[in-house]
Number of protein chains: 2
Amino acid sequence: MTIISAEVPASGRARRASGLRSEATILQAAERVFAERGFKGASMSEIAAAAHMPKPNLHYYFGTKEALYRAVLTDILETWLGEADAFVPDGDPAQALGSYVRAKMRWSRERPHASRVFANEVLHGALFIGPYLSDDLRRRVEQKGKVIEGWIRGGRMARVDPRALFFMLWAMTQTWADFAVQVHAVLGVADLSEAAYDAITEEVVAFALRGCGLDADGRPPAT
Amino acid sequence: MTIISAEVPASGRARRASGLRSEATILQAAERVFAERGFKGASMSEIAAAAHMPKPNLHYYFGTKEALYRAVLTDILETWLGEADAFVPDGDPAQALGSYVRAKMRWSRERPHASRVFANEVLHGALFIGPYLSDDLRRRVEQKGKVIEGWIRGGRMARVDPRALFFMLWAMTQTWADFAVQVHAVLGVADLSEAAYDAITEEVVAFALRGCGLDADGRPPAT
DNA sequence: GTCTATACCAGGATAGAC
DNA sequence: GTCTATCCTGGTATAGAC
């Protein structure tokens, strides 16, 4: 992740433990507030309150609101593709796809704020992470797409455009974080239990595998 | 759509053609700006500029920024489920699901701004349309879910939780509007041609049908 | 109904004490 | 490194002429 450079705090030198802890606290609070309000909607005051410290401290550590936002995004992007590396050419398609979907579902569950910040950023034009999407992400999708094309040529899964497949998988998994409010409203619940979320995860996995022409055991279809 | 009441312009009485035209112009401009910037990020000045008229006119017609935003949302919600009524119990599952997905894909293509405003609203907690989601939408999903459950009981499609299915279908279709920037970045194109979008639409339809255990001709699988 | 000019306030950023 | 007090821009909303 070289496109977005995290702000180096004021001094430009390594700081002591208290500073690092403050910084981490701010980042965490900022992620939550940016997720709830968007970039414009979030105020430094609210982030400061969420981080239990006065406003100027935020400026001391990150300079500007925009720099803080960039730091949050950097933090998010560094993990966004972390679980994505299960696509090895020799691997079993059903196994690889299944664990990819499960990893993405877990990410939505464990870092819903991060998912929403990312969604908000892309939704409004990816002004900050645009270069990252067209360079780094594009390259990765291209690579993994080749693996999938290999599987298709080998008759190991249905013919699915690899890029379209990725967009659909991302959408199907991230929607549980990004649109959680809608999910809760339609289901008539205040929250999803771990058990309920696990059940949903298996629904998504099964749906995605069938969508790729694979049954749960990974057997390719007659087609 | 009774939950959100569109603002009745200043006089409270029907206005003449020029007023109606201005109002429609403002709504259209507002939808676009709200889509690009979010509620907070959008400014009345920018909407006014987009509508080619001075700022106070917006307040004349809609009172406040929030009222204008509500009017835009009402407009969007009225069409959001319009195409959703292909789910008739007697219908063919593959045919019903296919035309539903196609309708949603067309909506994403033709009203991307509307889709983004909606996404942004839900993403940030559905503060304005929350009641609509838990009343009207919930009821509709419940109804259509019964139809799907009937199909499953009749062995006409795979066992898929109907609610989960809807969330996935919405996600898979709306992502092409909401995350268009990401799609373009990863594909390395500035825009999608009609032909390219049609091809993607068929990818999504095929994937969704297989996901439901249906092939393109609507034959249920052995399962 | 349409527009110019302006009141008013929220919020980002900084000065400067400790 | 931490915090109080304050500056100042930008943005909603309105007054009031036409």
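Heavy atoms only: backbone and side chains are in, while hydrogens, waters and symmetry mates are out. Protein chains get the first letters and strands the later ones, always in sequence-line order, with residue 1 at the start of each.
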Nearest-Å distance, [atom1] ([X]) to [atom2] ([N])?
X     : N      : atom1 : atom2 : value
B:R21 : C:dT2  : CZ    : C1'   : 14 Å
A:K55 : D:dT6  : NZ    : P     : 13 Å
B:Y60 : C:dT4  : OH    : P     : 17 Å
B:I47 : D:dA13 : CD1   : C1'   : 14 Å
A:L58 : D:dT2  : CG    : C1'   : 12 Å
A:M44 : D:dA5  : CE    : P     : 20 Å
A:N57 : D:dG1  : CG    : P     : 11 Å
A:M53 : D:dT4  : CE    : C1'   : 17 Å

Does A:H52 or A:K40 map to a spot on DNA chain D nearer the 5' end, using the closest nucleotide for each?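 Residue closer to the 5' terminus by nearest nucleotide: A:H52.
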When the ring planes of A:F39 and A:Y69 are compared, do they come out parallel, tilted or perpendicular, using 30° and 60° as the limits? tilted
Can you confirm if the NZ or CZ of A:K104 lies within 45° of the ring axis of A:W80 and under 6.0 Å from the centre of its six-membered ring?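 That pair qualifies as a cation-pi contact.
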Counting just side-chain N and O atoms, does A:Y61 come under 4.0 Å of either OP1 or OP2 of D:dT2? yes
So, does B:H59 get its side chain near the phosphate of D:dT14, meaning an N or O under 4.0 Å from OP1 or OP2?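 So the side-chain polar atoms of B:H59 never come under 4.0 Å of the phosphate oxygens OP1 or OP2 of D:dT14.
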Touch check for B:A48, heavy atoms < 4.0 angstrom, all strands: base, sugar-phosphate only, or nothing?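 The answer is nothing, as B:A48 stays clear of every strand by at least 4.0 Å.
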Which residue, A:G41 or A:P56, contacts DNA chain C at a nucleotide closer to its 5' end, judged by nearest heavy atom?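 Its nucleotide being nearer the 5' end, the pick is A:G41.
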Between B:R138 (side chain) and A:V186 (backbone), is there a donor-acceptor pair under 3.5 Å?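 Yes: the side chain of B:R138 pairs with the backbone of A:V186.
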Closest listed nucleotide, where the reference is the side chain of A:P54 and the choices are D:dT12, D:dT4, C:dG12: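 The closest nucleotide is D:dT4.
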Go through C:dT2, D:dT2, C:dC3 for me and flag the one nearest to the B:S22 side chain.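 Selected nucleotide: C:dT2.
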Are side-chain N/O atoms of B:T175 and A:W170 paired as donor and acceptor at under 3.5 Å?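 A:W170 and B:T175 do not have a side-chain donor-acceptor pair below 3.5 Å.
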Roughly how far, to the nearest 0.5 Å, is NZ of A:K55 from OG of A:S43?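 Reported to 0.5 Å precision, the distance equals 8.0 Å.
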